[in-house]
Amino acid sequence: MTGTLYLVGTPIGNLEDITFRAIRTLKEADFIYCEDTRVTKKLTMHYEIATPLKSYHEHNKDKVTAQLINDLEGGHTIALVSDAGLPLISDPGFELVVECRNKGIKVETIPGPNAALSALMTSGIASYSFLFDGFLPRKDKEKKARLESLMTLPHTVIIYESPFRVKHTIETIMEIDRNRKVAIARELTKKFEQVVTASVTEIYERLEDDINLKGEFVIVIDAMDEADKVHWWASLTVYDHVVHYIDEGMRSKDAIKQTAIDRDMKKNEVYEIYHIEN
């Protein structure tokens with residue numbers, strides 16, 4: 001019989017935030033695959049887990065996946081963890097799960113903490129309908145185009161950001177809508193946990209005064225009020241709408257697709273208009 005791949009949720013800060021089932025699974029597994037063995041070693045030492053640790057991260061996943069599949073087909077039990085929180089959520093593992101399912105290998109999830117949902121719960125921003133978008137593009141034009149698209153949706157938006165780019169991202173949100181309510185969260189579940197909710201302008205001012213930005217940030221962006229909604233592209237023609245996205249760095253194919261989504265049009269209609277005027 002083939003083995004089982006367990007996707008195990010681990011603490012995002014406080015080591016007490018782990019389930020009995022997760023500890024048992026990590027102890028019983030033949031191997032634990034993790035992003036950084038040094039990080040996971042702190043967890044395994046705390047709970048006296050002697051299971052061997054192996055590396056699985058963004059830069060070696062293609063090479064390591066084949067070995068993982070061989071081990072699983074050989075009957076081994078493997079636990080996959082990330083440095084913090086749930087594996088696969090803005091972390092490696094998706095391709096491995098697909099490969100396991102294609103080969104009929106059993107995959108089980110061991111639930112655990114998640115930074116995005118923890119921030120949303122604490123933020124005081126509506127949680128009835130939300131969209132998680134992970135990390136934004138790094139290039140300025142692509143980042144702004146993505147935020148413009150996300151911030152016109154009738155859903156709360158949750159993104160992750162590094163301490164090196166969080167000020168710029170908040171500034172970009174402010175350029176799009178300086179009155180939008182936003183929450184920033186850091187050090188979640190730790191001693192100095194901080195979740196601040198205010199207008200994006202106030203958040204930007206707070207970050208400007210903070211010279212000690214550390215740790216990964218979660219940014220929660222309130223949905224646009226439908227009654228006050230004015231599309232940023234309202235004054236543009238369909239052709240100019242597509243050109244705007246192309247100027248922001250998108251390929252014409254992607255710009256046409258995004259314009260169709262924005263305007264609730266069929267993609268082929270936008271395609272025809274763009275190529276007639278181009």
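These figures come from a predicted structure and were not determined experimentally. All values below come from the heavy atoms of this structure, side chains included, with hydrogens, waters and symmetry mates left out.
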How far apart are the C-alpha atoms of H168 and T172, what are their side-chain angles, what is the distance that settles it, and do they pass the side chain to side chain contact (heavy atoms under 4.5 Å, CB included) test?
CA-CA 6 Å; H168 180 266; T172 305; 3.5 Å; yes

Please give me the minimum heavy-atom distance between [X] and [Y], naming the atom from each residue.
X: S82; Y: D91; answer: CB-OD2, 3.5 Å
X: V8; Y: A79; answer: CG2-CB, 4.0 Å
X: R263; Y: L236; answer: NH2-O, 2.7 Å
X: L26; Y: T51; answer: O-OG1, 2.5 Å
X: E187; Y: F192; answer: CB-O, 3.6 Å
X: S149; Y: T152; answer: O-OG1, 2.9 Å

Do [X] and [Y] share a hydrophobic cluster (ILVMFWY, side-chain heavy atoms under 4.5 Å, transitive)?
X: M151; Y: Y204; value: yes
X: V157; Y: F130; value: no
X: V218; Y: L120; value: yes
X: V220; Y: L136; value: no
X: I203; Y: I159; value: yes

[atom2] on [Y] to [atom1] on [X], rounded to 0.5 Å:
X: M174; Y: T201; atom1: CE; atom2: OG1; value: 5.5 Å
X: E95; Y: L88; atom1: CD; atom2: CG; value: 8.5 Å
X: I125; Y: R180; atom1: CD1; atom2: CZ; value: 10.0 Å
X: I23; Y: T44; atom1: CD1; atom2: OG1; value: 11.5 Å
X: L147; Y: E142; atom1: CG; atom2: CD; value: 12.0 Å
X: T10; Y: I32; atom1: OG1; atom2: CD1; value: 10.0 Å

Ignoring hydrogens and angles, state whether a donor on the side chain of [X] or [Y] is under 3.5 Å from an acceptor on the partner side chain.
X: T259; Y: D262; value: no
X: D71; Y: Q67; value: yes
X: E148; Y: H244; value: yes

Under a 4.5 Å cut-off applied to non-hydrogen side-chain atoms, are [X] and [Y] in contact?
X: I170; Y: I184; answer: yes
X: K106; Y: T2; answer: no
X: L207; Y: E171; answer: no
X: L80; Y: V97; answer: no
X: R138; Y: K143; answer: no
X: L131; Y: L153; answer: yes
X: Y245; Y: V243; answer: no
X: V166; Y: I219; answer: yes

Can you confirm whether [X] is buried at [atom1], in the sense that more than 12 heavy atoms of other residues, nucleotides or ligands lie under 6.0 Å from that atom?
X: K257; atom1: NZ; answer: no
X: F135; atom1: CZ; answer: yes
X: Y271; atom1: OH; answer: no
X: R178; atom1: CZ; answer: no

Set of ring pair (Phe, Tyr, Trp, His ring centres under 6.0 Å) partners for F132, sequence neighbours left out
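Partners of F132 under the ring pair (Phe, Tyr, Trp, His ring centres under 6.0 Å) test: Y160.
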
Y33: which of T40, L53, V64, V81 passes side chain to side chain contact (heavy atoms under 4.5 Å, CB included)
V64

Give a yes or no answer on whether the side chain of [X] reaches the backbone of [Y] with a donor-acceptor pair at less than 3.5 Å.
X: N60; Y: K63; value: no
X: R206; Y: V196; value: no
X: T37; Y: S55; value: no
X: T109; Y: P111; value: no
X: T65; Y: D62; value: no
X: K181; Y: V200; value: no
X: T156; Y: A126; value: yes
X: D30; Y: T77; value: yes

Salt bridge or not between [X] and [Y]? Use side-chain N to carboxylate O under 4.0 Å.
X: K144; Y: E175; value: yes
X: D36; Y: K41; value: no
X: E28; Y: R24; value: yes

Can you name the one residue among E193, Q194, E161 that meets side chain to side chain donor-acceptor pair (under 3.5 Å) with R186?
Q194

Under the side chain to side chain contact (heavy atoms under 4.5 Å, CB included) rule, what do L72 and C100 come out as? Steps first, then yes or no, please.
CA-CA 9 Å; L72 288 163; C100 285; 3.6 Å; yes

Excluding sequence neighbours, so at least two apart, what forms side-chain contact (heavy atoms from CB on, under 4.5 Å) with K103?
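With neighbours one apart ignored, the set is I69, E73, E99, I105.
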
Side chain to side chain contact (heavy atoms under 4.5 Å, CB included) between I12 and N114, intermediate numbers included:
CA-CA 7 Å; I12 60 175; N114 173 260; 6.0 Å; no

Which residue pairs pass the side chain to side chain donor-acceptor pair (under 3.5 Å) test when at least one of the two sits in residues 117-131, sequence neighbours left out?
S129-H155

Kindly indicate, with the supporting measurements, whether the criterion side chain to side chain contact (heavy atoms under 4.5 Å, CB included) is fulfilled by L96 and Y56.
CA-CA 10 Å; L96 174 61; Y56 179 87; 3.6 Å; yes

